[in-house]
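Note that the structure is predicted; figures quoted are calculated from it, not measured.
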Amino acid sequence: MIKLLAIVLLTITCLAGQAVPICSAVTVDDARMVLGPSAKRTNDPSGCGWADPDRKGGMSVMRVGTSAAFESYRAHSAREGKTQAENGLGGTAFSSIPSAHKGGRAAIYLLKGSAILVVDIDGFPAGGAEERLPQMRDLVRKLAPKL
């Protein structure tokens, strides 16, 4: 059932011309820069998921084709933990460190034109995801022109 849902979502995404180009722009070197040396693409048919089996961490990349949710994402992130404005990423952006994950999860949300790019990492030890923000920023800068 999950595979069927992923295929349907991939098909819709392909037809809308959204996530697949962004996801295919993330290289193994990019993922290893963010997650660690053993990072590899998951079996997710969209190609948007990455895992580092050595650390049990993961990364997902998503393109949302409408800007409407950006302020909602920001408000939700502020309620759930720490947010910070991110400058120099190619658009309006913020990072989020959810309190419930004790620094083991981090995300960057970038609004550019009418699209939102989300790079989310999870599964790190306490404080470990927050330490990966510089690498995440580099990845967002790389992907921003492709939105």
Side-chain angles (χ1 to χ4, degrees), residues 1-67 69-70 72-74 76-77 80-84 86-113 115-147:
M1 183 65 164
I2 292 173
K3 285 185 179 185
L4 177 61
L5 178 60
I7 291 169
V8 169
L9 290 174
L10 175 61
T11 303
I12 291 168
T13 299
C14 287
L15 292 174
Q18 293 180 2
V20 172
I22 288 294
C23 295
S24 65
V26 179
T27 67
V28 172
D29 288 339
D30 294 330
R32 289 181 176 167
M33 172 184 67
V34 175
L35 292 175
S38 64
K40 57 185 172 186
R41 207 176 289 271
T42 65
N43 291 332
D44 174 3
S46 73
C48 295
W50 292 83
D52 181 352
D54 292 345
R55 290 190 176 157
K56 308 285 190 259
M59 175 174 72
S60 62
V61 177
M62 179 176 62
R63 180 186 187 277
V64 179
T66 175
S67 62
F70 187 76
S72 174
Y73 292 158
R74 188 187 328 238
H76 176 78
S77 294
E80 299 297 319
K82 180 173 90 173
T83 61
Q84 173 181 309
E86 295 287 345
N87 300 314
L89 299 183
T92 304
F94 70 93
S95 58
S96 170
I97 309 291
S99 298
H101 295 266
K102 298 180 172 96
R105 182 175 187 180
I108 294 180
Y109 298 80
L110 169 74
L111 173 63
K112 183 176 178 194
I116 302 168
L117 171 68
V118 182
V119 176
D120 189 323
I121 62 172
D122 197 2
F124 285 79
E130 189 166 7
E131 293 171 0
R132 308 309 296 171
L133 281 172
Q135 294 84 355
M136 294 172 68
R137 289 179 189 112
D138 289 343
L139 179 58
V140 169
R141 277 188 207 93
K142 174 189 172 180
L143 298 176
K146 298 177 182 350
L147 288 179

What's the separation between atom OG in S46 and atom CE in M62, rounded to the nearest 0.5 Å? 11.0 Å
With the threshold set at 4.0 Å, does a side-chain nitrogen-carboxylate oxygen contact exist between R32 and D29? no
Where is the tightest heavy-atom contact between S67 and G113, given as atom of each residue plus distance? CB-O, 4.0 Å
Taking every heavy atom of L143 against every heavy atom of A25, the minimum-distance pair comes out as CD2-CB, 3.7 Å
Give me the atom names and distance for the closest heavy-atom approach of I116 to T66. CD1-O, 3.4 Å
Least distance between heavy atoms, A129 atom then F124 atom: N-CB, 3.5 Å
Measure the SG-CZ distance between C48 and R41 for me, rounded to the nearest 0.5 Å. 8.0 Å
Quick check for you: to the nearest 0.5 Å, what is the distance between W50 atom CH2 and T27 atom OG1? 6.5 Å
Side-chain donor/acceptor pairs under 3.5 Å, residues 97-111, sequence neighbours excluded:
from, atom 1, to, atom 2, distance (Å)
R105, NE, D120, OD1, 3.1
R105, NE, D120, OD2, 3.4
R105, NH2, D120, OD2, 2.7

From CD (E80) to OG (S96), nearest 0.5 Å: 8.5 Å
As an exercise, state the distance from CG of L117 to NZ of K112, rounded to the nearest 0.5 Å. 10.0 Å
Who pairs with R132 by side chain to side chain donor-acceptor pair (under 3.5 Å), at least two apart in sequence or on another chain? none
Working to the nearest 0.5 angstrom, can you tell me the gap between D122 CG and M59 CE? 12.5 Å
Over all heavy atoms of both residues, which pair between V28 and A39 is shortest? Give the atoms and the distance, please. CG1-O, 4.3 Å
Distance-minimising heavy-atom pair for S95 and L133: CB-CD2, 4.0 Å
Sequence neighbours left out, what passes side-chain contact (heavy atoms from CB on, under 4.5 Å) with P125? Give chain and number order. none
